[in-house]
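Source: prediction; values computed, not measured. Note on naming: letters A, B, ... go to the chains in the order of the sequence lines (proteins, then strands), and numbering restarts at 1 for each one. Side chains included, hydrogens not; waters and symmetry mates left out as well; all remaining heavy atoms used.
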Amino acid sequence: MDVLYFAWVRERIGLPREQVDTQAATVADLIEELRAREDRYAAAFEDLSALRVALDQDLSDFDAPLKGVREVAFFPPMTGG
Amino acid sequence: MDVLYFAWVRERIGLPREQVDTQAATVADLIEELRAREDRYAAAFEDLSALRVALDQDLSDFDAPLKGVREVAFFPPMTGG
Amino acid sequence: MRVAVQSAPFDLGAEAESFAKGNTRMGAVVTFTGVVRDVEGGDLSAMEIEHYPGMTEKAIAKIADEAATRWSLGDVLVIHRHGRLEPGERIMMVATAAPHRKDAFEAAEYLMDYLKSRAPFWKKEITADHTGWVAAKDEDEDALTRW
Amino acid sequence: MRVAVQSAPFDLGAEAESFAKGNTRMGAVVTFTGVVRDVEGGDLSAMEIEHYPGMTEKAIAKIADEAATRWSLGDVLVIHRHGRLEPGERIMMVATAAPHRKDAFEAAEYLMDYLKSRAPFWKKEITADHTGWVAAKDEDEDALTRW
């Protein structure tokens with residue numbers, strides 16, 4: 001699955017996107033896996049209340065299932081306009 | 001004093017402005033005088049709820065005093081914008 | 001602040017551009033443009049707008065001044081035409097510039113609500129077989145209670 | 001409806017003019033333009049706007065579609081820039097056309113409120129001695145509860 005990072009999530013992790021091979025059932029499970037990888041991931045996912053997630057380019061929730069999802073994106077609250 | 005008429009008030013009375021020599025104390029008194037003149041005035045001032053008045057180019061009320069006023073204007077509710 | 005009451009058409013694009021250009025320290029610019037719509041049935045041939053020269057400019061300036069006391073505004077523009085207009089022509093525009101969008105939006109709506117019912121303009125509709133003054137709408141008067 | 005996500009500047013005057021020209025059967029046209037303001041202290045050298053290509057266009061189209069179901073609208077335009085912008089430059093604009101002013105205003109405010117917090121853009125401020133991501137404001141999230 002493609003995992004994308006934007007804004008300071010991208011900066012903390014140090015890359016804009018990567019391929020992740022995972023059996024995680026939900027977004028929260030995927031986050032646990034990523035956190036366990038390295039400090040930079042742990043730092044990026046430290047405070048979930050400061051994060052948003054999109055599944056296949058639609059805003060979603062941390063408890064959403066990942067089945068069938070091809071693209072997951074993590075980013076801070078949006079500041080457009 | 002100058003008395004001005006706009007929109008259908010002007011059309012009913014048949015002129016846009018005139019000089020009126022009056023001792024009327026209030027707008028309501030002036031309207032009574034005008035009404036008594038001719039049918040076209042009576043027609044224009046038939047329904048006061050459909051009329052507005054401005055004294056020296058400021059919106060005012062029918063019970064406002066006319067002392068010191070140089071220009072009185074009668075017109076229907078405004079429809080700008 | 002600029003208030004223009006004129007019979008000539010105005011150039012919306014040029015006005016919007018120049019208004020925004022003069023307010024680059026403001027974060028938000030809102031414009032409203034009113035257009036002569038065809039009436040129900042589609043046979044409006046023209047609209048005639050009468051106004052009260054002298055009072056019109058004063059009344060608009062007073063409305064704009066009041067808006068400037070209620071909201072944090074950098075600038076206000078009001079252009080309102082009078083005379084004969086055809087369907088599709090632009091009757092008027094307002095523009096507001098403010099540090100924040102809420103002020104710019106609310107001030108523009110306030111200006112519109114007051115211009116509708118408190119600036120001395122009267123509209124007459126001319127169709128193929130009828131000529132009549134547009135009646136003031138209760139909803140326009142009611143809109144003022146919001147402020 | 002037109003949605004444009006672009007790094008190039010846009011011409012506010014030309015966009016406003018052409019949007020209004022395409023909607024002469026609508027009585028009301030509202031535009032909102034967002035401008036890069038200098039930060040407190042006045043030392044902003046640039047703003048960088050990151051976005052999520054693909055999702056951005058979809059998210060904006062969804063917001064515009066929702067606006068069209070809530071209000072009687074003739075047309076909607078959204079232009080949003082990304083990349084590097086300097087103070088005074090225009091970040092984005094929305095335009096709405098509707099038969100009546102209330103719909104045009106409310107739809108434009110709705111679009112702005114949702115673009116602020118639900119379209120995937122992130123702003124970074126660059127000053128002489130600091131670079132930092134703009135934090136989302138509670139008031140922007142709260143603004144959504146209005147709708």
Which of parallel (below 30°), tilted (30 to 60°) and perpendicular (above 60°) describes F105(D) and F105(C)?
-> perpendicular
Can you tell if the side chain of E15(D) reaches within under 4.5 Å of the side chain of E17(C), non-hydrogen atoms only?
-> no
Search all heavy atoms of V35(C) against all heavy atoms of M26(D) and return the closest pair with its distance.
-> CB-O, 3.2 Å
Heavy atoms of other groups near R70(C) CZ, more than 12 under 6.0 Å | yes
Using a cut-off of under 4.5 Å for heavy-atom pairs, which of P87(C), A108(C), A14(C), S18(C) has the most such pairs with chain D?
-> A108(C)
Does a side-chain heavy-atom distance below 4.5 Å link H100(D) with R37(C)?
-> yes
Considering only heavy atoms and a distance below 4.5 Å, find which of I91(C), T33(C), T31(C) pairs most often with chain D.
-> T31(C)
Student check: side-chain heavy atoms of M93(D) and V29(C) closer than 4.5 Å = no
Applying a strict 4.5 Å limit to non-hydrogen atoms, the region of V36(C) in contact with chain D is backbone
Which bit of A143(C) comes within less than 4.5 Å of chain D, counting heavy atoms only: side chain, backbone, both or neither?
-> side chain
Winner by heavy-atom pair count (cut-off under 4.5 Å) against chain C, out of E89(D), R90(D), M112(D), E139(D) = R90(D)
More than 12 heavy atoms of other groups within 6.0 Å of K62(D) NZ = no
E109(C) side chain reached by V30(D) side chain, heavy atoms, under 4.5 Å | no
More than 12 non-hydrogen atoms from neighbouring residues, nucleotides or ligands closer than 6.0 Å to NZ on K102(D), yes or no?
-> no
Heavy-atom pairs under 4.5 Å with chain D, option from P99(C), A95(C), A104(C) with the top count = P99(C)
Identify which of D113(C), V94(C), N23(C) forms the greatest number of heavy-atom pairs closer than 4.5 Å to chain D.
-> D113(C)
Heavy-atom pair with the smallest gap, counting every atom of L12(D) and A20(C) | CD2-CB, 3.5 Å
